[in-house]
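First up is the structure itself, then whatever we jot down about it.
Read the numbers this way: they start at 1 and go in the same order the structure lists the ligands and their atoms.
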Amino acid sequence: MKVVVGPDPSLVYRPDVDPEADKDKDSFRNYTSGPLLDRVFTTYKLMHTSQTVDFVRRKHAQFGGFSHKEMTVMEALDMLDGLVDESDPDVDFPNSFHAFQTAEGIRKAHPDKDWFQLVGLLHDLGKVLAVLGEPQWAVVGDTFPVGCRPQASVVFCDSTFQDNPDLQDPRYTEEVGGAGGGAGAGAGGAQLGHPVARAGWPLPQAFYMIRFHSFYPWHTGGDYGQLCSQQDLAMLPWVQEFNKFDLYTKCPDLPDMDRLRPYYQGLIDKYCPGVLHW
Ligand SMILES: [Fe+2]
Ligand SMILES: [Fe+2]
């Protein structure tokens with residue numbers, strides 16, 4: 001008798017993503033209208049007021065030692081059942097679903113790249129910080145470099161930075177500021193992907209996709225080129241390839257996470273097994 005192991009592939013959720021198709025693309029990332037706009041604006045207003053060079057340095061000191069918590073990747077993912085990202089105009093459901101939507105979109109388009117699928121599952125794990133007590137404005141949303149003048153493609157750039165004290169500090173108002181840039185500051189969602197990279201991830205592009213996926217002003221807006229190294233530019237196409245799935249798989253058709261879990265646990269066991277230090 002034939003023994004069937006794992007989920008029936010015909011039943012596995014796959015979002016119908018064609019990143020090259022233009023349909024509905026314009027409906028994503030609408031920051032001028034929509035039912036969630038007030039919540040989104042409030043989050044960015046707090047973020048752009050409070051994320052400063054000093055704030056970022058304190059958070060690096062607080063979390064940069066990887067001594068904050070010990071847990072497995074799946075335990076971290078389960079924590080995101082309790083987080084709805086208040087910066088996201090396209091999502092009003094827990095972030096754990098978004099993780100599986102992103103991963104499944106990549107799996108459909110890149111069936112031969114299991115490491116890439118795992119990046120989709122992991123990319124927002126740093127948002128556990130918001131479950132553990134950090135304010136959402138310190139964790140979620142697009143990232144931007146502190147220590148230099150905000151560029152035009154930053155979301156709500158014209159209406160949210162006026163109370164940020166760094167913009168009154170001449171050290172930090174040039175295109176390349178006194179802090180030398182450094183993307184994404186308080187954005188824990190990307191920063192805390194680092195424990196996974198630190199666990200021995202073999203590919204630099206995986207690290208870059210996690211680290212910079214929220215840096216829309218760079219990978220989509222075309223700003224901040226003056227801060228880029230040659231390696232940053234070489235990795236940009238990978239970050240942009242990832243972004244298609246991060247963005248365009250967002251839909252109210254939610255995946256059955258219990259059914260998908262065994263497949264992704266296999267990838268976790270292959271690339272970042274066991275208990276990690278966060
Ligand atoms: Fe993200
Ligand atoms: Fe995401």
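Defined by atom type and a distance below 3.5 Å, a donor-acceptor pair is missing between the side-chain atoms of Glu175 and Tyr224. Using modelled atom types and a 3.5 Å distance limit, the side chains of Asn243 and Tyr248 yield no donor-acceptor pair.
Inclusion of His213 in the first shell of the Fe ion (ligand 1) is supported: an N, O or S atom falls under 2.8 Å. For a distance bound of 2.8 Å, the N, O or S atoms of Asp124 include one lying that close to the Fe ion (ligand 1).
Of all N, O or S atoms in Asp246, the one lying closest to the Fe ion (ligand 2) is OD1. Looking at His123 and the Fe ion (ligand 2) together, the shortest N, O or S contact belongs to NE2.
Taken to the nearest 0.5 Å, the OG1 atom of Thr42 stands 14.0 Å off from the CH2 atom of Trp137.
Looking at Arg261 and Asp78, a side-chain N of the basic residue comes within less than 4.0 Å of a carboxylate O on the acidic one, giving a salt bridge.
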